[in-house]
Amino acid sequence: MKNIRTILYVCCLCTLLACSKEEPATAPDSPAEITLGVRADQTRAAVSNLADLARIGDRIGIYGITDWAKPAVMRNVQTTAVSKQTGALHWEDTYYYPYHQDVRFYSYYPYAPSGTTGDHYMEEPAGIAPILHFTLTGEEDLMYADPVTGSGDTPPAALVYNHLLTQFHFVLIDEGDFREATIERITFTRANTSSTLHLADGTLGDWSNPQDMLFPTSYPVQITGTAEQPQAISGSLMLQPGLKQCRLEVVVSGKGTFSDITITPWNEPAFVAGRSYEITLKFNKRDDGGKPGDGDGDGDGGDDGDGGDDGDGGEIGVEIKASAWVTPWKEGGNGSGQIGE
């Protein structure tokens, strides 16, 4: 009997050892690598598809945080590329999700290094969201993606970038004697160029630093457009949103400089961020004996310029009016304006 009990004890011990080999202790969780992507179909602004986004894919900034009061998981990481096939964002180092914590991702363009002074830098106050300080060139987007959240168990949604500026471009129509004239320059005068972007919610701060901003195109531009075939000129300019009006100065060869021209949006109280305003300038001759510089008295157009000679000894006054339809940036827009009346 004693031998039987011994045999049974050994068998039980062997069984326990076998079970312990088949069911080892659970290993610690492996960290999950962070990856992000974008959706081309909802990317707006001058960057309107994945190919455009890929073109500037090495200049996007990323923050990944659990809480702004804690050290960032990804602190102002600059991307290296965006895949134009999949929308995946790439960067140099590898980052991992903290165990059992959500990470909230904030993204902006164009990337700015951390700093305290200059035209383009990221201010990073302790314990709160960073603030982008920027100065516009007029030819570059300013974009912000609504924050998305992810974790080791749940990947984040795709980033969708929104354009934060207002875009302007021009169409020309000659209804007078401007067919032999050329536009030497179009300038947005006293346009504010400096502001801030708050990364926490994508809002812009106060604007300052007014500058004259030259509309970028290939000057001189010969005026050839007609009512039947309006002339679109190349280029666009992106400026401060939310303004009720903007001011232009247009220099036309043989006609003079037309200053303090006012443009306002149609059917809206102000120029809206993320919208493209097409300003159609109609060039007309007015020969009513008025003196150059006279206003039109209706309060809805620009001040007269300094005019010029119409070639037959008669002095003409010329003025510019402009306004525009508003459509989503992605689809372009329509509008009209006038030089002369």
Side-chain angles (χ1 to χ4, degrees), residues 28-40 42-135 137 139-164 196-200 202:
D29 293 337
S30 299
E33 183 179 348
I34 292 173
T35 59
L36 290 171
V38 298
R39 284 179 55 187
Q42 291 195 26
T43 300
R44 297 192 291 273
V47 178
S48 57
N49 53 50
L50 277 180
D52 291 338
L53 200 63
R55 177 173 45 83
I56 51 92
D58 60 346
R59 299 182 59 207
I60 294 171
I62 301 285
Y63 280 86
I65 61 104
T66 56
D67 189 301
W68 285 119
K70 298 178 181 179
V73 178
M74 298 177 69
R75 179 184 173 185
N76 202 20
V77 172
Q78 182 176 0
T79 58
T80 57
V82 174
S83 169
K84 63 182 179 181
Q85 284 79 33
T86 66
L89 295 169
H90 300 278
W91 43 75
E92 286 187 355
D93 297 325
T94 301
Y95 299 89
Y96 297 96
Y97 286 99
Y99 291 125
H100 308 302
Q101 292 188 64
D102 290 339
V103 175
R104 196 160 178 82
F105 298 97
Y106 297 77
S107 185
Y108 70 97
Y109 169 87
Y111 172 84
S114 301
T116 56
T117 59
D119 289 338
H120 197 67
Y121 66 93
M122 184 65 74
E123 177 187 359
E124 296 180 309
I128 62 175
I131 301 169
L132 173 67
H133 294 252
F134 63 88
T135 297
T137 66
E139 299 183 51
E140 188 165 58
D141 287 334
L142 177 67
M143 295 191 295
Y144 175 82
D146 294 329
V148 296
T149 301
S151 68
D153 299 320
T154 306
L159 294 167
V160 179
Y161 290 93
N162 299 305
H163 187 57
L164 301 183
T196 55
L197 168 63
H198 296 259
L199 264 289

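In this chain, residues are counted from 1 in sequence order.
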Smallest separation among heavy atoms of A112 and N76, with atom names: O-ND2, 2.9 Å
Atom CZ of R75 with >12 non-hydrogen neighbours under 6.0 angstrom: no
Side-chain heavy atoms of M122 within contact of L199, under 4.5 Å: yes
Name of the residue among I62, L164, L132 meeting side chain to side chain contact (heavy atoms under 4.5 Å, CB included) with Y108: L132
Beyond-backbone contact of H163 with D141, side-chain heavy atoms, under 4.5 angstrom: yes
Close side-chain approach of L89 to S83, heavy-atom, < 4.5 Å: no
Y144 vs N162 side-chain heavy atoms within contact, under 4.5 Å: no
Donor-acceptor under 3.5 Å (D146 side chain, G202 main chain): no
Flag side-chain contact, heavy atom, 4.5 Å: Y63 against E124: yes
Test item: V103 and T66 side chains (from C-beta on) under 4.5 Å apart, heavy atoms: yes
Side-chain donor/acceptor of S151 to backbone N/O of Q101, under 3.5 Å: no
Contact check, side chains of V73 and P98, non-hydrogen atoms, under 4.5 Å: yes
Any donor-acceptor N/O pair, T79 side chain to G57 backbone, under 3.5 Å: yes
Non-hydrogen side-chain atoms of Y111 and D58 separated by less than 4.5 Å: no
